[in-house]
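The structure appears below as structure tokens.
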Amino acid sequence: MKNSEIADLLDRTALLLEAVGENRFKIVAFRRAAKNVRNLSEDIEDVWNTGGLEQLPGIGKGIAKKIDEYIRTGKITYLQKLENQVPQAAIDLMAIPGIGPRTAFKLTKEHGIQNIDSLREAIQNGSLDDFFGPTIRKKIISEIEMIKSTSKRMLLPQAEEIAGSIVEYLKAGGIHIIIAGSIRRCKATVGDIDAIALDENAVELLSKFPHTSKVLSRGTKKASFILDNGVQVDVRISEKDELGATLLYFTGSKDHSIALRNIAISKGYKLNEYGLFDESSGKLIASGSEEGIYKALGMQYIEPELREDRGEIQAALQGRLPNLLRKGSLKGDLQMHTLWSDGLSTIEQMAREAKLLGYEYIAITDHSKSARLANGLNEDRFLRQWKEIDALNEKMSPFTILKGVEVEIKGDGSLDLEADFLNSFDVVGISMHQGYNQSPEKLTQRMIKAMGSKRVHYLCHPTNRLIGIRGGHEINMERIIQEAKDRGIMIEINSQPNRLDIDEVWARKAAEEGVDLVINSDAHSTEELTYVRYGENVARRAWLESKNVINTLSLNQLLRRLS
DNA sequence: GCCGTTTTCGGCCCGACTGTTTTCAGTCG
């Protein structure tokens with residue numbers, strides 16, 4: 001049973017409750033439960049087995065009973081009843097910005113709208129003129145056109161690039177803006193771009209940005225725009241002495257903000273985007289800096305990457321936040337590919353670039369022979385590659401190039417290079433690139449068998465997810481982590497922006513279990529070596545400290561760890 | 001529906017913007 005499967009059902013329940021106009025706090029309760037189940041780092045079925053569902057935060061008798069019913073019978077009667085009550089059309093209509101649950105429900109129930117196309121028809125033939133005013137009618141038609149080209153969440157680098165172009169454009173106009181939201185939290189994917197400006201002229205200037213295709217709303221405190229690539233930009237106007245409060249509010253996450261506001265309430269304060277105030281007197285307590293607000297709430301400063309309401313607030317109140325891995329503190333990179341297999345650069349080019357980045361060492365880890373499409377190396381070619389590496393090491397000393405391999409796990413869990421041969425490598429990573437269609441149980445067995453091979457240092461991108469393209473394998477990550485712990489095998493945080501595998505939830509779990517992680521670029525060209533910063537994001541969002549990350553070690557320490 | 005070093009009942013974050021609103025509901029972040 002996948003936690004996300006249960007979480008999706010709880011989210012769907014919340015959505016349907018919204019449509020029927022249920023008490024909004026009940027809706028919030030389902031959403032919170034869904035989130036907590038999604039972020040759980042143990043299998044919900046195991047929790048259920050031990051009768052601990054109601055001990056989970058946000059899950060009480062009611063929701064526990066529904067989860068129990070689902071695990072036992074595969075259905076939730078309560079949800080089924082809701083499904084009968086709310087037409088699928090209402091859910092579809094809610095995808096149109098500006099149409100919320102109440103409007104969607106009314107449209108389907110009172111006006112017989114079947115889907116998005118029939119809504120457009122009804123608006124165009126005038127049969128909804130009594131329901132919508134002219135402005136809304138026009139807006140909805142335009143939104144429906146948009147929705148077909150609407151982009152899903154984008155990867156962080158893409159969002160950073162768009163945000164960067166906005167920052168540059170406004171800078172040229174003499175206006176400084178700060179990017180907040182999920183970009184500041186360094187989330188793997190970004191939905192829209194949130195920016196803060198101290199100058200209200202930012203709104204006027206942005207409406208003239210060559211890539212702005214539409215102004216969604218525009219007031220004195222905030223405005224929203226749609227760019228020609230479909231990306232939404234929300235701008236918030238702040239004052240310098242309120243900047244801390246605005247940053248806090250606009251960085252989110254929403255759940256973190258809500259939790260923080262509850263802490264404020266419990267201390268007799270009120271927190272909003274203008275500042276932290278004394279509830280009774282209205283007196284301002286703090287607003288200029290985030291640090292000041294956290295301090296006034298009696299807690300440690302919380303880095304943006306941690307602001308997801310995953311326990312960081314309790315930890316900050318108790319003064320036990322982790323000493324997060326610093327960006328740029330890696331001393332080497334243990335996975336990259338060259339022209340020998342499927343990379344685009346030579347070993348020397350990779351090494352020189354890595355040296356420029358300030359590394360002490362890298363490992364060249366080209367694919368092994370059964371990765372045919374990737375031009376994997378057989379034993380003879382590795383022997384020849386090592387000669388090249390030896391020569392380069394003499395030339396570049398003390399910078400060190402380690403002899404590595406990303407060795408293929410075959411369908412039966414064996415590796416495609418013999419143990420004796422693997423002994424000659426400095427570092428061995430194992431991964432799967434084929435035979436994905438096995439059952440989750442079989443895939444798990446296969447990985448565990450591979451981890452039992454004699455010389456394995458780390459497990460590469462364990463779930464093989466490609467964000468936005470395919471979800472990861474439903475392998476039993478708890479067992480894999482246990483196996484890694486028992487055998488002293490490290491787990492990779494692969495930094496390719498569309499992989500970021502393992503993710504922050506499991507990386508955190510692995511570290512809690514005492515498993516070491518390694519942040520690798522998996523670069524296929526010199527340009528990709530800097531991708532490690534996305535892996536560092538994952539590490540920080542996973543609460544990792546440098547002691548959890550093996551490639552923060554100096555070369556000598558690393559070699560001792562690898563031997 | 002959940003939750004409790006003030007509570008097992010009565011709360012549940014807070015505010016901006018829009019429409020055709022003359023006091024507020026709906027939507028959004």
Side-chain angles (χ1 to χ4, degrees), chain A residues 10 13-14 16-19 21-36 53-67 76 78-79 82 93-107 129-140 143 180-182 185 190-196 200 203 215-226 232-238 242 245-246 248-277 279 297 309 313 317:
Chain A
L10 295 174
T13 307
L16 296 170
L17 288 172
E18 235 176 352
E22 246 299 355
N23 175 319
R24 65 196 173 98
F25 300 111
K26 189 190 275 194
I27 295 159
V28 167
F30 273 97
R31 289 248 153 80
R32 186 167 38 223
K35 180 187 125 111
N36 288 334
L53 283 180
E54 284 185 51
Q55 268 69 61
L56 296 175
I59 295 182
K61 273 197 168 40
I63 293 180
K65 209 173 143 202
K66 291 171 181 70
I67 296 176
I76 301 175
Y78 182 74
L79 178 58
L82 277 170
L93 294 181
M94 284 165 67
I96 302 170
I99 295 195
R102 304 301 302 140
T103 312
F105 192 64
K106 278 187 213 158
L107 280 171
D129 285 4
D130 292 339
F131 189 70
F132 290 131
T135 314
I136 295 267
R137 293 203 296 272
K138 198 172 149 216
K139 180 174 146 70
I140 290 177
E143 289 292 358
S182 44
R185 300 202 312 279
V190 174
D192 51 25
I193 293 175
D194 299 316
I196 299 170
E200 61 188 23
V203 173
V215 180
L216 280 181
S217 72
R218 185 174 166 168
T220 57
K221 296 283 179 196
K222 64 182 201 181
S224 294
F225 306 90
I226 299 283
Q232 181 168 336
V233 180
D234 297 325
V235 181
R236 184 91 201 181
I237 306 299
S238 179
E242 294 171 348
T246 311
L248 199 53
Y249 154 75
F250 221 32
T251 298
S253 67
K254 189 178 174 179
D255 290 324
H256 179 83
S257 293
I258 291 174
L260 218 49
R261 288 172 179 196
N262 282 320
I263 297 293
I265 290 170
S266 74
K267 293 184 182 292
Y269 298 146
K270 181 176 78 167
L271 178 62
N272 59 27
E273 58 265 52
Y274 300 107
L276 179 67
F277 302 90
E279 175 65 43
L297 288 172
D309 191 24
I313 293 197
L317 283 167

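In what follows, chains are A, B, ... by sequence order, proteins preceding strands, each numbered from 1.
Nearest-nucleotide positions on DNA chain B place A:G60 closer to the 5' end than the other of A:G60 and A:S224. Residue-to-nucleotide proximity on DNA chain B shows that, of A:A223 and A:P101, the 5′-proximal contact is made by A:A223.
Looking at heavy-atom distances under 4.0 Å, A:L260 makes no contact with the nucleic acid at all. Contacts of A:K139 with the nucleic acid, taken as non-hydrogen atoms under 4.0 Å apart, are absent. Using a 4.0 Å heavy-atom distance criterion, A:T220 is classed as a sugar-phosphate-only contact. Counting any heavy atom pair closer than 4.0 Å across all strands shown, A:E54 reaches no nucleic acid atom. Within the 4.0 angstrom heavy-atom criterion, base atoms lie near A:Y249. Looking at heavy-atom distances under 4.0 Å, A:R24 makes no contact with the nucleic acid at all. Across all strands shown, A:S257 has no heavy atoms under 4.0 Å from either base or sugar-phosphate atoms. Contacts of A:S217 with the nucleic acid, taken as non-hydrogen atoms under 4.0 Å apart, involve only primed sugar atoms and P, OP1 or OP2. Residue contacts shown for A:I63 are limited to sugar-phosphate atoms, with no base heavy atom under 4.0 Å away. Within the nucleic acid shown, A:K254 comes within 4.0 Å of at least one base atom, counting heavy atoms only.
In the region residues 26-36 of chain A, proximity to DNA chain B at under 4.0 angstrom, judged on heavy atoms, holds for A:K26, A:A29, A:F30.
Comparing B:dA16 with B:dG11, their C1' atoms are spaced 25 Å from each other, to the whole Å. Across B:dT27 and B:dT20, the matching P atoms stand 14 Å from one another, rounded to whole Å. Taking the P atom of each, B:dC3 and B:dC13 are spaced 14 Å apart, rounded to whole Å. Remark: the separation of the C1' atoms in B:dG1 and B:dT8 is 14 Å, to the nearest Å. Of the P atoms belonging to B:dC14 and B:dC9, the separation is 25 Å, rounded to the nearest Å. When the C1' atom is used for both B:dC17 and B:dT23, the distance is 16 Å, rounded to whole Å. Comparing B:dG15 with B:dT6, their C1' atoms are spaced 28 Å from each other, to the whole Å.
Side chain of A:R236 to backbone of A:I196: no donor-acceptor contact under 3.5 angstrom is found. With hydrogens and angles ignored, the 3.5 Å screen pairs no side-chain donor or acceptor of A:K26 with any backbone N or O of A:A14. No donor-acceptor pair under 3.5 Å is formed between the side chain of A:D192 and the backbone N or O of A:V233.
For DNA chain B, the span of nucleotides reached by chain A at under 4.0 Å from its heavy atoms goes, 5' to 3', from B:dG1 to B:dG29.
Judged as a salt bridge (charged side-chain N to carboxylate O under 4.0 Å, His left out), and not counting sequence neighbours, the contacts of A:R185 are A:E308. Listed by chain and number, the residues in a ring pair (Phe, Tyr, Trp, His ring centres under 6.0 Å) with A:F131 are A:H111 (sequence neighbours excluded).
Taken to the nearest 0.5 Å, the OG1 atom of A:T13 stands 5.5 Å off from the CD1 atom of A:I76. The line from CD1 of A:I237 to NZ of A:K221 is 9.0 Å long, rounded to the nearest 0.5 Å.
The pair A:K222-A:E200 fails the salt-bridge criterion, with no side-chain N (NZ, NE, NH1 or NH2) lying under 4.0 Å from an Asp/Glu carboxylate O.
For B:dT8, there is no paired nucleotide, since no Watson-Crick or G-U wobble pair has both relevant distances below 3.5 Å.
Sorted by first and then second residue, the side-chain hydrogen bond (donor to acceptor under 3.5 Å, both in side chains) pairs involving residues 252-261 of chain A (not counting sequence neighbours) are A:H256-A:Y294, A:H256-A:E312. Screening residues 93-103 of chain A for salt bridge (charged side-chain N to carboxylate O under 4.0 Å, His left out) gives no qualifying pairs among residues at least two apart or on separate chains.
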